[in-house]
Each structure stands twice: as structure tokens, then as C-alpha cells.
Undergrad: 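Below are the C-alpha cells for one structure; questions will follow.
Within every chain, numbering begins at 1; the chains are lettered A, B, ... in the order of the sequence lines, protein sequences first and strands thereafter.
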There are 2 protein chains.
Amino acid sequence: MDKRIERTRREVLGAAIALLGERGYAAFNMEAVASKAGVSKSTLYRHWPTKLSLIADALETLNVQPKPGPVDGDIRQRVTMLLCHLAEALTASPFAACMPGLIEAAKHHAEVAHFLHEYSAHRRETLVALLRDAVAAGELPVDFDAETAALALSGAIFYRRLMTPKPYLSEEMPALVAAILGSAVSAE
Amino acid sequence: MDKRIERTRREVLGAAIALLGERGYAAFNMEAVASKAGVSKSTLYRHWPTKLSLIADALETLNVQPKPGPVDGDIRQRVTMLLCHLAEALTASPFAACMPGLIEAAKHHAEVAHFLHEYSAHRRETLVALLRDAVAAGELPVDFDAETAALALSGAIFYRRLMTPKPYLSEEMPALVAAILGSAVSAE
DNA sequence: ATGATATGAGACGGTACCGTACTATAAATG
DNA sequence: CATTTATAGTACGGTACCGTCTCATATCAT
């Protein structure tokens, strides 16, 4: 295994994600990546024949495993914790920085759209599963709509992050959870 | 009043918004605007000295007045109707097409960020007011959190529009409203 | 009608980025 | 050590867009 190749891939993919986050999908260009990665342009093109192939490769980097949620506490606490992780991922992760650019790029590049859809669906699934389990365990009413609730919870966090000047903070999360689960859980 | 100037402004601003929607903030360039507007580049630069001034001017065009919501029906119906309008505005309006590009641009241009924040805040206010009135009228519990509910409702719609392949449809809106107001209103 | 003004058409230099090609050097492999 | 392979550095032609400029033409105001 050639160390030179490993190093090149590592540096370039890192630089690509950083650039995507800092300057957006549009300003992303091969020469900037090469310069930021400390790699020559010829090397860059040897590994990734085109700009899109590099971006596609870089996006893989963003697919992180969400930590397995702890199962202690009541349903409100568990959901709150999960949402705090989500809020964190949407404000302070590499993905967070790239998200606006990806949303824009998704309009014109199906692969990017697919990536976004997968990413959001994947994160939402965990939340839906959590809520479903709570329904099954009798912590939530049997007619509780887990899918819609998950959309509303995730949506509020995305919305605040993308369309308002102040993203959700951890302190505010219990209020959000209470608003969606609150009255429903009061039937317990 | 010179008709030539009116025509130029009208055509150019229209072309600018169209282009912003079709090809995104990045691909937005003066030559494309001129060509699309059927106007020469020299004319373009006489009216708007720079690209950003044109964009700023074009954004004003997007500020449409939301129709005054009808006041008939119970609170669920009124909210549902308002949300349908919102969903419509997020999928089929000139603003809708521009939104992804604007979200991306907001990262680097404070004016664009400000525009987005104002736009979303403005739309949310109507919803919050509606919910507050319902609380005051006893249609919703006194401890109902109108702000958070409005965030969750709007958020779900934005989220589906931006991060998933299928935006909210009118048929699904009652289910969303029920999930957020549903159990709360059952106390009536 | 006549002078003022807005427009059309396009050339222009400048800049930035694309993707390719070539050579010389450095590092890995066996 | 000898050979293969990856890289640096850089020049290149091509394209796209910026913002400026000039000049001829069309349209307005009075």
C-alpha cells in the first residue's frame, strides 16, 4: 500500500469538504482544492478525472454513523437527546457547513439530491423508531403519529437553522419536545 | 416617465428572478440576464452598476403580500388553509425556485440572509397570530405554545421541500395540523 | 421638428477556471 | 540497488464572465 496515495486522498478529500463548507458549491474549484490540500493539480486530476467525481467522493466522507442513542430516561428525555444531536450535526459538523451548498446543488445534480435525501431519511428513521417504540411501550398514545411528529421535530430544527438567524439551542429542545409530545404524553 | 426605462426594468428584473430560479445563484451572470431579458449588456450596466445591485433589486420583486386569511371555519381549518398557502409558496412560486440558491448565498451575503430571515419571519407571524387568537378564543388550551407550534408546522413543510423528494401536498396538511394541534384541541 | 436620452451591437482587456501535457524529482516496491 | 510509480511544477489552449467603452440607431419629451 503506497503511503503517498493514502496521504493524497486524505488531504484532498479533507480540503474538498472544507472548501465546500467555506465557500460553497459554486466557488468550489479544482485549483483551490489542490492549493488547499497542498497537492499539485496534476496529482488531483490523476485521482479524480473530473470535478464531479471528486465531489461525489468527498460526500462519502460526510456519512457519519449517529451514535447509538442511550435507552435510559423517559421518552421525552430520549427524544430530546436525539434532537440535540441532530441540532449539533446541523450547526457544528462538516455536513452542516456544506448543507446550504448541497441544497442548492441538489436542484441540478441528481446524485447530490439523492445524497441529501438519504442523509435526512436516515437521521429521521432513528427518531421515528424511537417514537414507535414508545407507542408500543405505552409511553405514547396508540394513535400517536410517529412519522408526522418526526417531521415536525426535525423540521423545526432545520427551519431554524436555514431560515432564521438563530438555530435551535439545547436549552430550547425540551420545549419543542413538549409541544409535539407534551399533551399527547399527558394521557399517560 | 420614459417608457423605455420602465420596459427595461420590468424585463430585466423578470429575467433575473427567472434565472436565479432556473440556474441558481452561482450561474447567475450578467450576460445571461441581458440575453434572457432581450436587452443589451450596456443597457444592463447603465441601470445596475454591479451584479449584486441587480440581485438586491430583483429580490424586492419576490416580496408578495400573503392574502389575508379567511376567518371562517374552526382553528384546524384556518391553520390548514394557511399552511396550504405556505406549501404552495414553497413549491410553485418564483420565490420557491430561488430559495435553495438564496439559502446558499445567505452564507456569504448578509443582505440575502436578511431577506430570507425577514421573509420567513413574516410568513410565520401570520401563523402565530392565528394560533394566539385561537388560544384567546378558547379554541386551544391556554398553555398552548403558539411560537413553537408555528415553528414545527412551518418547519415540517420546509423540511419536506428542501430535504426530501416529496414536498407536502394539500391532502396531507390536515394530518400535520392534527399532529400539532390535534391532541391539544381535544381538550375543547 | 429637434435636441436629449435610452438602447443595441459588439469589441476589448482582464481574470479565473477547466482539463491536458510534459519533464524532472521524489518515494515506494521487490 | 534497480525499477516502477506518484508527485511537483508549470506551461498551454480553450472557455466563460466581468465591467468598460464606442458609436450608430431608435425613442422620448417639448
Side-chain angles (χ1 to χ4, degrees), chain A residues 1-59 61 98 101-102 104-105 107-109 111-112, chain B residues 1-59 61 98 101-102 104-105 107-109 111-112:
Chain A
M1 195 53 175
D2 198 326
K3 289 177 186 175
R4 296 172 294 180
I5 296 181
E6 283 182 40
R7 174 193 167 275
T8 295
R9 283 190 55 86
R10 180 166 22 91
E11 296 294 329
V12 168
L13 292 177
I17 289 298
L19 224 73
L20 213 52
E22 286 166 22
R23 307 187 35 193
Y25 197 90
F28 181 95
N29 66 61
M30 296 299 258
E31 288 176 359
V33 173
S35 153
K36 183 161 197 118
V39 149
S40 92
K41 210 167 56 151
S42 28
T43 299
L44 198 49
Y45 275 102
R46 180 169 311 112
H47 288 271
W48 296 274
T50 175
K51 194 166 141 179
L52 283 176
S53 65
L54 172 54
I55 290 180
D57 215 349
L59 288 187
T61 303
C98 298
L102 295 181
E104 155 81 355
K107 252 176 31 186
H108 309 286
H109 302 292
E111 328 91 53
V112 177
Chain B
M1 196 53 177
D2 197 325
K3 287 176 186 175
R4 296 171 293 181
I5 296 182
E6 283 182 41
R7 174 192 168 277
T8 296
R9 283 190 56 85
R10 180 168 23 90
E11 296 295 330
V12 169
L13 292 178
I17 289 299
L19 223 71
L20 213 52
E22 285 166 24
R23 308 188 33 195
Y25 196 91
F28 179 95
N29 67 61
M30 296 298 258
E31 287 175 0
V33 172
S35 151
K36 184 163 197 116
V39 149
S40 92
K41 210 165 57 149
S42 27
T43 299
L44 197 50
Y45 275 102
R46 185 172 304 115
H47 286 271
W48 296 274
T50 175
K51 196 167 142 178
L52 282 176
S53 65
L54 171 56
I55 290 180
D57 215 349
L59 287 187
T61 303
C98 297
L102 296 181
E104 155 81 352
K107 252 175 36 186
H108 309 286
H109 302 291
E111 329 90 54
V112 177

Undergrad: Restricting to non-hydrogen atoms, name the atom on A:Ile5 and the atom on A:His47 that form the minimum distance, rounded to 0.1 Å.
TA: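 Distance-wise, the nearest heavy atoms are CG2-CE1, 3.8 Å.
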Undergrad: Show every donor-acceptor pair shorter than 3.5 Å between a side-chain atom in residues 19-27 of chain B and any protein atom, with sequence neighbours excluded, or say none if there are none.
TA:
from	atom 1	to	atom 2	distance (Å)
B:Glu22	OE1	B:Lys36	NZ	3.1
B:Glu22	OE2	B:Lys36	NZ	3.0

Undergrad: Determine to 10° how strongly the helix from C:dA1-D:dT30 to C:dG30-D:dC1 is bent, judged from the axes of its five-pair ends.
TA: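 Both end axes considered, the difference amounts to 40°.
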Undergrad: Would you kindly give the CG-to-P distance between B:Leu44 and D:dC21, to the nearest whole Å?
TA: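 My rounded result for the distance is 16 Å.
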Undergrad: Minimum heavy-atom separation for B:Asn29 and B:Ala32, please, with both atom names.
TA: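 Looks like OD1-N, 2.7 Å.
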Undergrad: To the nearest Å, how far apart are A:Leu52 CG and C:dC18 C1'?
TA: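 Distance check: A:Leu52 CG to C:dC18 C1' gives 13 Å.
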Undergrad: List the residues meeting side-chain hydrogen bond (donor to acceptor under 3.5 Å, both in side chains) with B:Asp2, not counting sequence neighbours, and say none if there are none.
TA: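 Per chain and number, B:Asp2 pairs via side-chain hydrogen bond (donor to acceptor under 3.5 Å, both in side chains) with B:Arg4.
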Undergrad: Can you give me the closest heavy-atom contact between B:Cys98 and B:Ile17, atom names plus distance?
TA: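 So the minimum-distance heavy-atom pair works out to SG-O, 3.7 Å.
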Undergrad: Looking at D:dC18, C:dG19, D:dC17, which one has an atom nearest to any side-chain atom of B:Arg23?
TA: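 Of D:dC18, C:dG19, D:dC17, D:dC17 is nearest to the side chain of B:Arg23.
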Undergrad: Between A:Ala27 and A:Pro49, which has a closest nucleotide on DNA chain C that is more 5'?
TA: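 That would be A:Ala27.
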Undergrad: Measure OH/B:Tyr45 against C1'/C:dG8 and give the value in whole Å, please.
TA: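 After rounding, the gap between these two atoms is 16 Å.
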Undergrad: To the closest 0.5 Å, what do you measure between CG (A:Leu13) and OG1 (A:Thr61)?
TA: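 Between A:Leu13 CG and A:Thr61 OG1, I get 5.0 Å after rounding to 0.5 Å.
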Undergrad: Identify, with sequence neighbours excluded, every residue that meets side-chain hydrogen bond (donor to acceptor under 3.5 Å, both in side chains) alongside B:Thr8.
TA: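 Not a single residue meets the side-chain hydrogen bond (donor to acceptor under 3.5 Å, both in side chains) criterion with B:Thr8.
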Undergrad: Classify every nucleotide of nucleotides 2-16 of chain D by which part a protein heavy atom approaches to under 4.0 Å, writing B for the base, S for the sugar-phosphate alone and - for neither, in 5'-to-3' order.
TA: ---BSBBBB------
Undergrad: Considering residues at least two apart in sequence or located in another chain, which fulfil the side-chain hydrogen bond (donor to acceptor under 3.5 Å, both in side chains) criterion with A:Arg10?
TA: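 Applying side-chain hydrogen bond (donor to acceptor under 3.5 Å, both in side chains) to A:Arg10 gives none.
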Undergrad: Quick one: is B:Lys3 getting a side-chain N or O under 4.0 Å of the D:dT27 phosphate, OP1 or OP2?
TA: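 Negative; the distance criterion is not met.
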